[in-house]
Amino acid sequence: TIIRRKFIMNTKVMMPDAHHLHSLIYKYILKYYKKPTIYLNPLASLVTLSLPLFCCIWTILFYKDSILIIIGLLLFLIFYEILAYKFSKM
């Protein structure tokens with residue numbers, strides 16, 4: 001996020017923007033589900049917070065194998081970037 005905001009978008013790093021995964025998921029939910037908006041932000045938060053949960057579960061399962069933890073971290077980063085890209089194109 002810092003690299004994208006500072007060097008690619010040339011914006012202030014500490015200012016909020018609409019390109020965070022939570023915001024992109026919120027926009028997707030808002031577009032495709034016709035629910036009252038009071039439910040949409042918590043739903044977007046729940047979806048977003050499920051991602052670190054998978055990292056925690058992965059780490060608990062493979063806590064004795066640092067190579068698998070590093071592989072899990074790399075897979076998480078790749079998955080996160082793919083999700084962010086896909087949601088930004090919707």
Side-chain angles (χ1 to χ4, degrees):
T1 300
I2 293 172
I3 293 170
R4 174 181 51 83
R5 295 179 81 186
K6 182 71 176 166
F7 300 108
I8 297 173
M9 298 178 66
N10 199 24
T11 59
K12 294 183 180 180
V13 175
M14 299 306 289
M15 298 301 293
D17 71 334
H19 299 286
H20 290 288
L21 186 58
H22 175 271
S23 300
L24 297 172
I25 291 172
Y26 176 80
K27 287 178 187 177
Y28 174 81
I29 292 171
L30 185 64
K31 183 177 179 181
Y32 290 102
Y33 297 100
K34 306 301 180 203
K35 302 273 186 205
T37 56
I38 192 169
Y39 301 113
L40 300 182
N41 193 40
L43 182 59
S45 296
L46 186 63
V47 171
T48 305
L49 289 174
S50 68
L51 295 174
L53 176 66
F54 292 117
C55 287
C56 292
I57 292 170
W58 181 275
T59 304
I60 290 169
L61 291 174
F62 301 110
Y63 72 94
K64 290 183 179 180
D65 192 342
S66 42
I67 298 296
L68 283 177
I69 291 176
I70 292 170
I71 290 171
L73 173 65
L74 294 174
L75 290 173
F76 172 76
L77 292 173
I78 291 168
F79 182 70
Y80 183 93
E81 290 299 323
I82 289 171
L83 274 180
Y85 178 77
K86 293 282 188 186
F87 278 116
S88 69
K89 296 299 178 187
M90 292 182 175

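Everything numeric here is computed off the predicted structure, so don't read it as measured data.
We find the CG-OG distance between Leu30 and Ser23 to be 12.0 Å, quoted to the nearest 0.5 Å. The line from OG of Ser50 to CD1 of Ile57 is 9.5 Å long, rounded to the nearest 0.5 Å.
If you chain together hydrophobic residues whose side chains sit under 4.5 Å apart, Ile67 and Phe62 fall into the same group. Following chains of ILVMFWY side-chain contacts shorter than 4.5 Å, one cannot reach Leu53 starting from Leu51, and the two form parts of different hydrophobic clusters. Under the 4.5 Å side-chain heavy-atom criterion for grouping Ile, Leu, Val, Met, Phe, Trp and Tyr, Tyr80 is connected to Tyr28 within one hydrophobic cluster.
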Start with the C-alpha distance between Leu74 and Ile70, add both sets of side-chain angles, then the distance that settles side chain to side chain contact (heavy atoms under 4.5 Å, CB included), and finish with yes or no. CA-CA 6 Å; Leu74 294 174; Ile70 292 170; 4.3 Å; yes
Going by atom type alone, with no hydrogens or angles, which donor-acceptor pairs under 3.5 Å involve a side-chain atom of residues 38-48 and a protein atom two or more places apart or on another chain?
| from | atom 1 | to | atom 2 | distance (Å) |
| --- | --- | --- | --- | --- |
| Asn41 | OD1 | His22 | NE2 | 3.1 |
| Ser45 | OG | His22 | NE2 | 3.1 |
| Ser45 | OG | Asn41 | O | 3.1 |
| Thr48 | OG1 | Ala44 | O | 2.8 |

Output side-chain donor-acceptor pairs under 3.5 Å for residues 82-90, partner residues at least two apart or in another chain, one line each.
| from | atom 1 | to | atom 2 | distance (Å) |
| --- | --- | --- | --- | --- |
| Ser88 | OG | Ala84 | O | 3.2 |
| Ser88 | OG | Tyr85 | O | 2.8 |

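At least one side-chain heavy atom of Leu21 sits less than 4.5 Å from a side-chain heavy atom of Ile25. Between Leu75 and Ile71 there is a side-chain heavy-atom pair separated by less than 4.5 Å.
If you look at Trp58 and Phe54, their ring centroids are not closer than 6.0 Å.
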